Amino acid sequence: MTMIKAQKGTKDILPVDMPVWHLMEKNAEEIFSRYGAKEIRTPIFEATELFARGVGDTTDIVNKEMYTFEKSERSLTLRPENTAGVVRSFIENGMHRLPMPVKLWYKGPMFRYERPQAGRQRQFHQVGVEVFGIKQPTADAEVILMAVNYLKSLGLNDLSVELNSLGCPECRDEFKLHLKAVLRPYLKDLCPDCQTRYEKNPLRLLDCKVPECQEIFSKPEIQEVIMSDFICEECAEHFNELKKYLDELKINYSINKLLVRGLDYYNRTVFEIKSNNLGSQNAVCGGGRYDSLVRNLGGEDIPAIGFAMGMERLAYLIGEKDDKKTTAFVVSNSPAEALKLAEELRKDGISCEFDLSNKKFVKQIEKASKTAKYALILGEDELAADKVTVKNLENSEQKTVFRQNVKSEII
RNA sequence: GCGCCUGUCGUCAAGCGGUUAAGACCUCGGAUUGUGGUUCCGAUAUGCAUGGGUUCGAAUCCCAUCAGGCGCCCCA
């Protein structure tokens with residue numbers, strides 16, 4: 001018999017991992033709802049076309065990373081991200097008639113067919129937020145605040161927020177033209193990746209890691225274009241206001257002109273939150289504004305902004321693993337009596353186990369000390385007197401009390 | 001899709017061409033006749049990812065396959 005193993009790029013989230021996952025989920029609910037966001041759960045697969053139109057058919061995600069399958073002549077795809085799905089649901093359920101900012105948050109598995117490596121899996125989980133209906137930068141500020149405060153609630157403080165503005169489609173196109181124009185003379189000297197980027201996504205050229213390319217980019221005439229404030233007046237004002245809000249809230253951030261994001265739908269504000277402790281996949285959070293996505297997917301003209309975080313990456317940073325012990329373990333030579341006592345406590349909400357395999361007294365105590373906080377000794381003496389000996393396994397203190405007082409003893 | 005590295009018990013591992021394939025932890029059994037975590041004894045890989053080769057002899061060398069890790073691309 002050959003072993004069936006978890007598939008490449010997938011992982012079991014085991015009982016030892018649960019405390020961290022529960023923390024991430026509980027805090028998402030708690031923090032995001034403070035901002036008025038409501039949870040939404042959308043299907044794990046959608047029409048392939050949703051992602052092609054939503055995420056953008058020039059992106060890697062859509063071109064080579066989707067899990068697509070055919071069923072009854074429909075092309076379906078496992079969601080590689082959740083913004084498109086949430087927008088689809090927003091439109092389909094007429095949420096544009098709700099009072100306007102509509103704030104939604106989600107968590108769940110996403111699927112991307114890539115080579116797994118540190119901080120990257122084929123099935124992974126994201127928590128994210130989408131805010132619809134506000135074009136003003138107050139929404140940008142609030143969304144960034146939600147992200148930062150959520151991370152803080154998880155004890156993650158030393159993360160850096162990077163910010164950029166992509167401008168609107170008009171000013172961005174103009175910038176692309178400028179950039180391509182100055183680079184044209186050097187095109188043949190760029191690395192093959194950069195040559196395809198030149199055609200496909202010129203903005204991505206800038207963070208190429210090949211030294212020869214960097215050398216070319218550092219030429220004065222090219223630097224001038226890169227560093228120029230190419231965005232139009234309106235976009236610039238939007239960005240400045242956002243920065244002002246963040247300054248007033250004392251949120252630390254840095255401007256990264258090279259921050260572009262790989263999904264086609266972004267405009268104006270884009271941001272990432274990074275950690276230095278994650279290896280090469282260092283972004284825990286990525287997000288931005290997508291003012292034309294709702295319309296592009298067939299809805300009203302409604303602006304929106306959101307972010308997503310990789311939960312496995314968060315879990316790695318939070319770190320702490322903690323096996324939760326059961327509260328009580330009944331030690332007794334009478335299984336029937338042990339079962340009765342255990343049930344009494346379980347009814348009162350106390351987690352309780354007892355020996356299911358007729359072990360000797362010493363072995364039962366040993367088992368108790370490994371798995372529980374208290375040993376409840378129920379021997380002949382105790383049974384005769386309707387009492388229980390409660391032993392605290394951490395400090396070895398023990399006390400014999402009446403049966404009905406057991407639960408107050410172990411709080 | 002490309003590059004580099006790795007594959008010995010549930011886990012961490014020693015081993016470097018001739019060993020009965022160390023050791024530790026976990027698990028399980030036993031001893032100490034009702035008190036553990038901190039005692040003692042014992043059990044647990046006929047096999048070193050798989051398939052071929054080289055050799056008198058291979059976990060140890062070579063090749064292929066598979067699996068895992070890391071990096072590039074891209075992304076959370």
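Below, chain A is the first sequence line, B the second, and so on; all start at residue 1. Just so we're clear, the structure is a prediction, and the values are computed from it rather than from any experiment.
- Annotation for A:K399: atom NZ does not count as buried by contact number, only 12 or fewer foreign heavy atoms lying within 6.0 Å.
- Minimum atom distance to the side chain of A:E114 is reached by B:rC74, of the listed B:rC74, B:rU35, B:rG37.
- Cation-pi geometry between A:R41 and A:Y106 is not met at under 6.0 angstrom from the ring centre and within 45 degrees of the axis.
- Annotation for A:T42 and A:S89: closest pair CG2-CB, 4.1 Å, computed over non-hydrogen atoms.
- Across the interface with RNA chain B, nearest-nucleotide mapping of A:N392 and A:S357 shows A:S357 to be the residue nearer the 5′ end.
- Across all strands shown, A:E366 has heavy atoms under 4.0 Å from sugar-phosphate atoms exclusively, and none from any base.
- With B:rU27, B:rG30, B:rC74 as the choices, the nucleotide that has an atom nearest any side-chain atom of A:R120 turns out to be B:rC74.
- Below the 3.5 angstrom threshold, one finds a donor paired with an acceptor across the side chain of A:E382 and the base of B:rG34.
- When each of A:K359 and A:Y266 is assigned the nucleotide of RNA chain B bearing its nearest heavy atom, the one mapping closer to the 5' terminus is A:K359.
- Considering only side-chain atoms of A:V362, the nucleotide from B:rA31, B:rG34, B:rG3 that sits closest is B:rG34.
- Here the nucleotide nearest the side chain of A:A118, chosen from B:rG69, B:rC70, B:rU27, is B:rC70.
- In this structure, A:D381 reaches the bases: a heavy-atom distance under 4.0 Å links it to at least one base atom across the strands shown.
- The partner of B:rC66 is B:rG7, by the rule that a Watson-Crick or G-U pair needs both atom distances under 3.5 Å.
- When heavy atoms are screened at a 4.0 angstrom cut-off, A:A368 is found touching no nucleic acid atom at all.
- Contact annotation for A:Q398: base contact, defined as any heavy-atom pair under 4.0 Å involving a base atom.
- No contact: A:L314 has no heavy atom under 4.0 Å from any strand.
- Taking side-chain N and O atoms only, A:K11 has no distance below 4.0 Å to OP1 or OP2 of B:rG68.
- What separates CG of A:N282 from P of B:rC70 is a distance of 15 Å, to the nearest Å.
- When heavy atoms are screened at a 4.0 angstrom cut-off, A:E380 is found touching base atoms of the nucleic acid.
- With hydrogens and angles left out, the side chain of A:Q364 and the base of B:rU35 share no donor-acceptor pair within 3.5 Å.
- A:S332 places no side-chain N or O within donor-acceptor distance of the main-chain N or O of A:A338, the cut-off being under 3.5 Å.
- Between B:rG71, B:rC74, B:rG69, one nucleotide has an atom nearer to the side chain of A:Q117 than all others, and that is B:rG71.
- If you check B:rG36, B:rU27, B:rG69 against the side chain of A:R115, the one that comes closest is B:rG69.
- The nearest whole Å value for the distance from the NZ atom in A:K370 to the C1' atom in B:rC28 is 10 Å.
- OP1 or OP2 of B:rG68 sits under 4.0 Å from a side-chain N or O of A:K8.
- Distance check on atom P: B:rC28 versus B:rU38 gives 15 Å, rounded to whole Å.
- A:G286 comes within 4.0 angstrom of sugar-phosphate atoms only, judged by non-hydrogen atoms across all strands, and of no base.
- Among the atoms of the strands shown, none is found under 4.0 Å from any heavy atom of A:E312.
- With hydrogens and angles left out, the side chain of A:T389 and the base of B:rG34 share no donor-acceptor pair within 3.5 Å.
- Looking at heavy-atom distances under 4.0 Å, A:K360 makes contact with sugar-phosphate atoms alone, never a base.
- Using a 4.5 Å cut-off on side-chain heavy atoms (C-beta onward), A:C235 and A:R268 make contact.
- Distance CZ (A:F361) to P (B:rG37): 13 Å, rounded to an integer number of Å.
- Ion pairing between a basic and an acidic side chain is recognised when a charged N comes within 4.0 Å of a carboxylate O; A:E343 and A:K347 show no such pairing.
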